[in-house]
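Reckoned from all heavy atoms, side chains included, excluding hydrogens, waters and symmetry mates.
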Amino acid sequence: MTKEELLQRLTDIEWDDFEVKEAQNKMPSNVWETVSAFSNTSGGWVVFGIKQKGKRFEVQGVENGEKTESDFLNTLRNGQKFNTKIYPKCKKYNIDGKLVLAFFVESSKVKPIYFGNPINTFIRSGSGDRQADESEISAMMRDQAFGVRSEMAVDGTSIDDIKMESLNNYRNHIINFNPEFPFKSQPHEEFCENIGITKDGKLTYASILMFGKRMCVQRHINNFWIDYLEIPGTSYTDAVSRYTYRMPEQDNLWDYYETLIQRLRLHVDAPFTAGPDGFSPDDNSQLYALREGLVNMEAHADFFSPMHCTIRVYDNRIEFQNPGRFMRDMKTLREVIKSNPRNPSIIKFFRFAKLGENAGYGIHKMVGWEQLTGEKVAFDSDIDSSTVTYYRPKVGSRNEGNTTPVTTPVQKTEDKILHIIRVTPNITKAEIGKICGMSINGVRYYIDKLRKAGRLEWEGNSRTGRWVIKK
């Protein structure tokens, strides 16, 4: 930070990485809160020798600069005041003959950083320091086990705790999309051991999350849930109803993936291609970009947090939110070329099935949405959670630099109805009409058309039966 940059900062209204302190005759007593806050968030400058009065600043200077600098640095470096040693960088400025000291405190790789005891943990909030609450401290502590806990084998578990329907569907996906996979034809026990679903016969937390039976998942990860809502508006407040669709709970992450990808298909331009889920793993559609967001959410979520994953489909955007912060600097997230997932085994399972990009290129595929739609993808993260927002194109809008109109998804009505039914086999005609925006008579017309073509039929009675897709 140059002298000119320092003076410019003093004219700004608010900073999240810059804090001035009076230190004319003594060390400022509240400086330790700021050191903790910068260490626990994105780092920042602590400036001694400037007094703030509202939005005005007075340069007072530091009278005994050498002693103040030495006392401050020695306190941070000796490891007694804080729970770990801190090594800030120091710069000195002469402003109108007065000495000003500026210390840059880096974001710590080990969090939380506190003085005395953990209750003295602070985070940066806007232009001020705020004491972290219990959930925020717990989130920072869980991050120290980043990429570790989900890899642990769980005592008392075995392959019997795997939901075999999920495992079979997963293996069929590998056969269809990764036919060269070396273990694809092995018996379940050998297959699971070779790809890391089991370790010496035990399941890991990652494999419980990915393929476990519901009771096993709930026993070991008690807040597991992905909450998916379709909201008819641009916010909760302007929605005509709270939601038009809420996805039922699924047993594990693979079941959620298979169900969610079909539901998301209804909201994007997604050309149909051969394959069990209707699109090629190498296509370049809007659905592909959303798929990377879905896999990213499942691979990076902190499943041991009290929070849970959410997906919100609004009229103007689709939001993926997972508990746990991004483990990359937000300023360079789009440029990342190396993957750093919170749950390495989960992303590995997706990659074996040719789902989820290698080496961090999933971010590249996610932001490909911008070229496909002309709308932005936004990334946001704090201590508790991370959010990826895909802004949806308006009907008739154009992709900048492209003469082809970008419109909302165009699908044959019959195909759209079949995919709604595939996701929710017991859905009613009235509910189909609400999703498709058509009358009950219109739904009946297309249902009859599908039945006559031999593509659809109803099994069971009117109350407990279900739709069955024939072809």
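Using a 4.5 Å heavy-atom threshold, the side chains of Met247 and Thr259 count as touching. A heavy-atom distance below 4.5 Å is not found between the side chains of Glu189 and Glu193. By the 4.5 Å heavy-atom criterion applied to side chains, Ile226 and Leu253 are counted as neighbours. Looking at Glu375 and Glu370, their side chains never come closer than 4.5 Å, going by heavy atoms from C-beta outward. Between Val313 and Leu229 there is no side-chain heavy-atom pair separated by less than 4.5 Å.
The two atoms that bring Trp467 and Ile427 nearest to each other are NE1-O, 3.0 Å, heavy atoms only. Looking at every heavy atom in both residues, Leu450 comes nearest to Ile417 through CD1-CG2, 4.2 Å. The two residues Tyr228 and Arg263 come nearest to each other via the heavy atoms OH-CG, 3.2 Å. Contact detail for Ser36 and Phe122: the closest heavy-atom pair is OG-N, 2.9 Å. Here the closest heavy-atom approach between residue Leu167 and residue Cys192 is recorded as CD2-SG, 3.9 Å.
The backbone N or O of Pro112 lies less than 3.5 Å from no partner atom in the side chain of Asn40, so there is not a single donor-acceptor pair. Judged by distance alone, with hydrogens and angles left aside, the side-chain atoms of Asn178 form no donor-acceptor pair with the main-chain N or O of Ile174 at under 3.5 Å. At least one donor-acceptor pair closer than 3.5 Å links the side chain of Asn223 to the backbone N or O of Met307. For the pair Trp32 (side chain) and Thr34 (backbone), a donor-acceptor distance under 3.5 Å is absent. Remark: side-chain polar atoms of Tyr256 are paired, donor with acceptor, to backbone N or O of Gln250 under 3.5 angstrom. Arg317 contributes a side-chain N or O that, together with a main-chain N or O of Thr234, makes up a donor-acceptor pair within less than 3.5 Å. Looking only at distances, a side-chain donor or acceptor of Thr121 sits under 3.5 Å from a matching main-chain atom of Pro118. The main-chain N or O of Glu292 is never found under 3.5 Å from a side-chain atom of Asn296 such that the two would form a donor-acceptor pair. A donor-acceptor contact shorter than 3.5 Å is absent between the side chain of Gln321 and the backbone of Cys309.
Using a 4.0 Å cut-off between charged side-chain N and carboxylate O, Arg451 and Glu457 make no salt bridge. No salt bridge links Arg246 with Glu230; every basic N to acidic carboxylate O contact stays at or beyond 4.0 Å. With respect to Asp161 and Lys213, no salt bridge is recorded, no charged nitrogen being found less than 4.0 Å from a carboxylate O. Contact check on Arg124 versus Glu19 returns a salt bridge, with a Lys/Arg side-chain nitrogen under 4.0 Å from an Asp/Glu carboxylate oxygen.
Counting heavy-atom neighbours within 6.0 Å of Arg130 CZ, excluding the residue itself, gives a total above 12. Counting non-hydrogen atoms of neighbouring residues, nucleotides and ligands closer than 6.0 angstrom, the CE atom of Met215 reaches no more than 12 such neighbours.
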Check: What do the steps show when you test Phe211 against Phe349 for ring-ring contact (aromatic ring centres under 6.0 Å, His included), and what is the final call?
Finding: CA-CA 10 Å; Phe211 305 112; Phe349 295 146; 5.5 Å; yes

Next item on the list: Show your working on salt bridge (Lys or Arg N to Asp or Glu O under 4.0 Å) between Arg455 and Glu414 and close with a plain yes or no.
Entry: CA-CA 10 Å; Arg455 302 180 68 187; Glu414 296 98 313; 6.0 Å; no

Next item on the list: Decide salt bridge (Lys or Arg N to Asp or Glu O under 4.0 Å) for Arg392 and Asp315; before the verdict, give the C-alpha distance in whole Å, the side-chain angles of both, and the deciding distance to 0.1 Å.
Entry: CA-CA 8 Å; Arg392 302 175 67 182; Asp315 288 349; 5.2 Å; no

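Below 30°, between 30° and 60°, or above 60°: for Phe303 and Phe224 the angle between ring planes is between 30° and 60°, a tilted geometry. Using the six-membered ring where Trp is involved, Phe350 and Trp254 have ring planes that are tilted, between 30° and 60° apart.
Remark: Phe82 pairs with Phe115 by the ring pair (Phe, Tyr, Trp, His ring centres under 6.0 Å) rule, at least two apart or across chains. In this structure, the ring pair (Phe, Tyr, Trp, His ring centres under 6.0 Å) partners of His308, at least two apart in sequence or on a different chain, are Trp225. Among residues two or more places apart in sequence or in another chain, the ring pair (Phe, Tyr, Trp, His ring centres under 6.0 Å) test is passed with Phe352 by Phe181.
In this structure, Lys376 forms a cation-pi arrangement with Tyr391, its terminal cationic atom sitting closer than 6.0 Å to the ring centre and no more than 45° off the ring axis.
Counting only N and O atoms by type, the side chains of Asn441 and Arg444 include a donor and acceptor under 3.5 Å apart. A donor atom on one side chain and an acceptor atom on the other are not found under 3.5 Å apart for Arg312 and Tyr243.
The six-membered or imidazole ring of Phe304 lies near that of Tyr205, with a centre-to-centre distance under 6.0 Å.
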